[in-house]
Amino acid sequence: DAGAGPDWRYRDAGTGIVCGRSEGLALASLRMFEQGAFSRDPRDPLRADAERLAHLDLETLSAGFQTGADNPLTGLEGRLALLNALGCVAAEDREGFARADAARPGGLFDALAARANDQQAIRGAHILGLLLEKLGAIWPGRHEIAGISLGDCWRHPALRRADATNSYVPFHKLSQWMSYSLCEPLEQAGFTVSDVDGLTGLAEYRNGGLFLDHGVIVPRDDALLSRAHQVGDPAIVAWRALTIALLDRLAGPVRERLGVSAEAFPLARLLEGGTWAAGRAIAAEKRPGGGPPLTIVADGTVF
């Protein structure tokens, strides 16, 4: 999932549902999976194979997402590049992605299971660590140190130091979202996921938009809200960093108001049912189409 843009919609033939944004992307992806779009074996559609992902073409992906001149999807080519790169990385790393009969992204389950302790517990940070280690190479155009892609990490001028490794602000929005999303299926498979709050909040335009739209974060220059930005622009890096810091500060008062503990109400619940949903709601009130308060040039690989 990454921002779909305000105009794209998915029309589900089976249910008649018409939806856009995250829900539309999820439904379209599910239907493609059910139809075997990611499987190399037509007789076994419910799988995703490295070989198939590496050779997936734009026509297939466009048809699956129902895109066209009258239904544009932001970052379609970027999404295809990610899927192709995922297929190539999985095929090259047999140890990390191996399944019984082929290299598949699902092989990461075995790698995660191997990191569980004697009580079948997996720490949230270990989930993220494995995703960053195994999937880092799929993200395009990222900064590198010693030939290793840093993923969703960006420089800010306030952090310029002699040591280049300390000049980056790490966000890993999509990788952390994936980590949160893996908690429930891992628990359903018999594992306990511990220390979920070892992950951070998600630095994206719904959580961050909530703070901008409510005046918690105020731009020093009003023109910031009227021009387009690259994801690595200092103002965007600062806004995303503030978003993470403010989410941490917001979690405590919300738990106190609800009368719940951090264990019963981890940060993931604040994000899913609170700040993300509220960010979307206030965006819909303030702007036609519910777009974010900031315009960011998106390629489908960051947000």
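- Side chain of N207 to backbone of W276: a donor-acceptor contact under 3.5 angstrom is found.
- Side chains of P6 and R21 form a contact here, defined as non-hydrogen atoms less than 4.5 Å apart.
- At distances below 3.5 Å, at least one donor-acceptor pair connects side-chain atoms of R79 with backbone N or O atoms of T74.
- When every heavy atom of L202 is checked against every heavy atom of T243, the shortest pair comes out as O-CG2, 4.0 Å.
- In this structure, CE on M178 lies 10.0 Å from NZ on K173, to the nearest 0.5 angstrom.
- Heavy atoms from other residues, nucleotides or ligands lying under 6.0 Å from CG of D222 number 12 at most.
- Contact annotation: the side chain of I236 never approaches that of W154 to less than 4.5 Å [non-hydrogen atoms, C-beta and beyond].
- For the pair V237 and G232, the tightest heavy-atom approach, listed with the atom from each and the gap, is CG2-O, 3.8 Å.
- Linking Ile, Leu, Val, Met, Phe, Trp and Tyr residues whenever their side-chain heavy atoms come within less than 4.5 Å leaves V18 and M32 in two separate clusters.
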Apply side-chain contact (heavy atoms from CB on, under 4.5 Å) to L150 and R142, showing your working.
-> CA-CA 6 Å; L150 301 184; R142 300 297 190 261; 5.6 Å; no
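- Considering CG of L225 and CG of L294, their distance stands at 5.5 Å, rounded to 0.5 Å.
- Looking at heavy atoms from C-beta onward, L56 lies in side-chain contact with L61 at the 4.5 angstrom threshold.
- Checking side-chain atoms of H55 against main-chain N and O of G87 turns up no donor-acceptor pair under 3.5 Å.
- A donor-acceptor pair under 3.5 Å is absent between the side-chain atoms of R9 and the main chain of N71, judged by distance alone.
- The main-chain N or O of F97 is never found under 3.5 Å from a side-chain atom of D93 such that the two would form a donor-acceptor pair.
- Salt bridge D195/R123: present, at least one basic N to carboxylate O contact under 4.0 Å.
- Put simply, the side chain of Y180 does not reach to within 4.5 Å of the side chain of E272, judged on heavy atoms.
- Of the possible donor and acceptor atoms, one in the side chain of H156 sits under 3.5 Å from a partner among the backbone N and O of A158.
- A donor-acceptor pair under 3.5 Å is formed between the side chain of W8 and the backbone N or O of F65.
- Residue H214 places its NE2 atom among more than 12 non-hydrogen atoms of other residues, nucleotides or ligands, all under 6.0 Å distant.
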For side-chain contact (heavy atoms from CB on, under 4.5 Å), just list the numbers for L58 and E77, CA-CA rounded to whole Å, side-chain angles, deciding distance to a tenth of an Å, and then say yes or no.
-> CA-CA 7 Å; L58 191 62; E77 291 81 2; 4.3 Å; yes
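- Annotation: side chain of V231 is not in contact with side chain of V297 (no heavy-atom distance under 4.5 Å).
- Interatomic distance, S175 OG to E133 CD, rounded to the nearest 0.5 Å: 12.5 Å.
- L30 and L53 are members of different hydrophobic clusters when ILVMFWY side chains are connected at heavy-atom separations under 4.5 Å.
- Heavy atoms only, all atoms of each residue included: L86 and P105 are closest at CD2-CG, 4.1 Å.
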With side-chain contact (heavy atoms from CB on, under 4.5 Å) as the test, would you mind laying out the steps for L182 and L131 before giving the verdict?
-> CA-CA 11 Å; L182 286 171; L131 295 180; 4.2 Å; yes
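- Using a 4.0 Å cut-off between charged side-chain N and carboxylate O, R255 and D197 make a salt bridge.
- Remark: D110 does not engage R104 in a salt bridge, criterion side-chain N to carboxylate O under 4.0 Å.
- C153 is listed as a side-chain neighbour of H172, based on a closest heavy-atom distance under 4.5 Å.
- Note that CG of L80 and CG of D57 are 7.5 Å apart. Values are rounded to the nearest 0.5 Å.
- Between F191 and A113, the shortest heavy-atom contact is CZ-CB, 3.6 Å.
- In this structure, D233 does not pair ionically with R227, as no charged nitrogen and carboxylate oxygen lie closer than 4.0 Å.
- Looking at I145 and Y168, their side chains come closer than 4.5 Å, going by heavy atoms from C-beta outward.
- Without hydrogens or angle criteria, Q176 side chain to L199 main chain gives no donor-acceptor distance under 3.5 Å.
- The minimum heavy-atom distance between Y205 and P292, with the atom names listed, is CD1-CB, 3.5 Å.
- A distance of 10.5 Å separates CD in E59 from OG1 in T67, rounded to the nearest 0.5 Å.
- Linking Ile, Leu, Val, Met, Phe, Trp and Tyr whenever their side-chain heavy atoms come within less than 4.5 Å leaves V254 and L210 in two separate clusters.
- Listed for the E204 side chain is a donor-acceptor partner under 3.5 Å among the backbone atoms of R206.
- The heavy-atom pair separating C183 from V196 by the smallest distance is SG-CG2, 4.3 Å.
- For the pair D12 (side chain) and I17 (backbone), a donor-acceptor distance under 3.5 Å is absent.
- Within a 6.0 Å radius of CD in E144, other residues, nucleotides and ligands contribute more than 12 heavy atoms.
- Side-chain contact check for F211 versus L242: every heavy-atom pair is 4.5 Å or farther apart.
- Put simply, V218 and L250 are part of two different groups of oily side chains (I, L, V, M, F, W, Y) that touch within less than 4.5 Å, one to the next.
- Here I282 contributes atom CD1 and D213 contributes atom CG; the two are 5.0 Å apart, rounded to the nearest 0.5 Å.
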